[in-house]
There are 2 protein chains.
Amino acid sequence: MAIGGKKKEIYLAAARLFRDKGYQASSMRQLAKEVNLEPSSLYSHISNKQELLAQICLGEAEMYVNKMKSIMSECDDVLEILRQISYFHVETALDDPISATVFSDEWKHLEEPNLGRFRNLRKEYESKIRYIIARGTEEGRLIDTDSMVLFQTFLSSFKWIYLWNKPGREVDKEALQRDITHVILRGLKK
Amino acid sequence: MAIGGKKKEIYLAAARLFRDKGYQASSMRQLAKEVNLEPSSLYSHISNKQELLAQICLGEAEMYVNKMKSIMSECDDVLEILRQISYFHVETALDDPISATVFSDEWKHLEEPNLGRFRNLRKEYESKIRYIIARGTEEGRLIDTDSMVLFQTFLSSFKWIYLWNKPGREVDKEALQRDITHVILRGLKK
DNA sequence: TTTACGAATGAACGTTCGTTAGTAAAGTTC
DNA sequence: GAACTTTACTAACGAACGTTCATTCGTAAA
């Protein structure tokens, strides 16, 4: 059997290509070469280049939204929620750094209607975090600094992991989760 | 005099284009349109597309390196140095968000030898900060967490400002400098 | 042996790309 | 006002792009 292997292979190669060269600089001819096909043969498996980017970005975005819902439904403590988000960000950046990079850096090359869908998902995700942070300040658990600064600083603190995590590097995931979360929450906690 | 007015105009338009669409998706034809020239006329002022990106990225990188040297030669206190770096990052992100974005997101499309030059400058800049942070931990001024985590978290904390700073937004620069620096250094200080 | 079908192919389409060549006008210097 | 430089133009180049098309291959069921 072993069906569907080729389609998956194409998606993985595309994600790697998009990460390394960027979406626009990645050609279907190069992608075909990486999966040992002729360019035209790609279209037996996928419908077009844009679909590749959309699947990667929207898939990743949905994962974040779902995780966020799950965390918030299971837990009510602001600091514990932020801790879990932090752990999740570190985990995804380490486990699938390729998709994480594409999601983070290449989404702007999405076309409508995918771009709109992506923005909605991201907005949904971010507004939940903003709400948590605002609540944290109200409850006196977080410092009383501009909530936009707290929110943005919190989220951008994870933006180096997937870039820094080169293939050869050995990483202790739990240590990294603990250290990053420690530094970030130290900055936010009252 | 007022020489080079057109050249400057081309560079500014190029930076804006690179930021909005990315380097690869920015065409010389579009750039020409933005400065009211025919595409070929651009080459009366610049030598090629790559040079535009190189000037922007390398110019920005040199600015950071020079500022870093200046800060470190004037000051010896670790926390004060980090504070000044933080203030400088916020300032550049607000004053020239376009160049800051291109520098941060599009450098990977540099070709040799510009790519090598860029990496050297960035390495020079980053190693100075790493040294400061390592010293800070040794001196007991910063927390005793993995120095890579401290370094990367510190630097990535500025990566949202130039993206968030939309044209219409009113920003109180000094307040932002104070707040961001406060949050970051709270996380790092012992 | 025939029928059916997904997978893969080579060739080609129309478009866009960065860039060059050649040239004419405008500005500057003597 | 002649000589020279700078700026801008039209036209075109070769290369690469994403994608389509008709066709062939390989396999497995009928």
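First the proteins, then the strands, lettered A, B, ... as listed; each starts at 1. Because the structure is a prediction, the values reported are computed rather than measured. Computed over heavy atoms, backbone and side chain alike; hydrogens, waters and symmetry mates excluded.
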Take nucleotides 22-27 of chain D nucleotide by nucleotide from the 5' end and write B, S or -, depending on whether a protein heavy atom sits under 4.0 Å from the base, only from the sugar-phosphate, or from neither. ------
In 5'-to-3' order, the base (B), backbone-only (S) or no-contact (-) status of each nucleotide in nucleotides 13-20 of chain C, using a 4.0 angstrom heavy-atom cut-off, is ----BBBB
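For the pair Lys7(A) NZ and dA8(C) P, the computed distance is 13 Å after rounding to whole Å. Straight-line distance from the CD1 atom of Ile46(A) to the P atom of dA7(C): 13 Å, rounded to whole Å. Put simply, CD on Glu9(A) is 13 Å from P on dA7(C), counting in whole angstrom units.
The cationic group of Lys69(A) does not satisfy the cation-pi geometry with Tyr125(A), failing either the under 6.0 Å distance to the six-membered ring centre or the 45° limit from the ring axis. By the 6.0 Å and 45° rule, Lys49(A) stacks over the aromatic ring of Tyr23(A).
A sub-4.0 Å separation between OP1 or OP2 of dA8(D) and a side-chain N or O of His45(B) is present.
Aromatic pair Phe118(A)/Phe103(A): ring centres closer than 6.0 Å. Phe158(A) and Tyr162(A) have their aromatic ring centers separated by at least 6.0 angstrom.
Looking at Asn120(B) and Arg117(B), their side chains never bring a donor and an acceptor atom within 3.5 Å of each other.
Across every non-hydrogen atom of Ala100(A) and Ala93(A), the tightest pair is CB-CA, 4.4 Å. Ile81(B) and Cys75(B) get closest at one heavy-atom pair: CD1-O, 3.6 Å.
Nucleic acid contact for Glu38(A): sugar-phosphate only, since backbone atoms but no base atoms lie under 4.0 Å from a heavy atom of the residue.
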In a table with atom names and distances, give each donor-acceptor pair under 3.5 Å that connects a side chain of residues 11-21 of chain B to protein atoms at least two apart or in another chain.
from     : atom 1 : to       : atom 2 : distance (Å)
Tyr11(B) : OH     : Glu51(B) : OE1    : 3.0

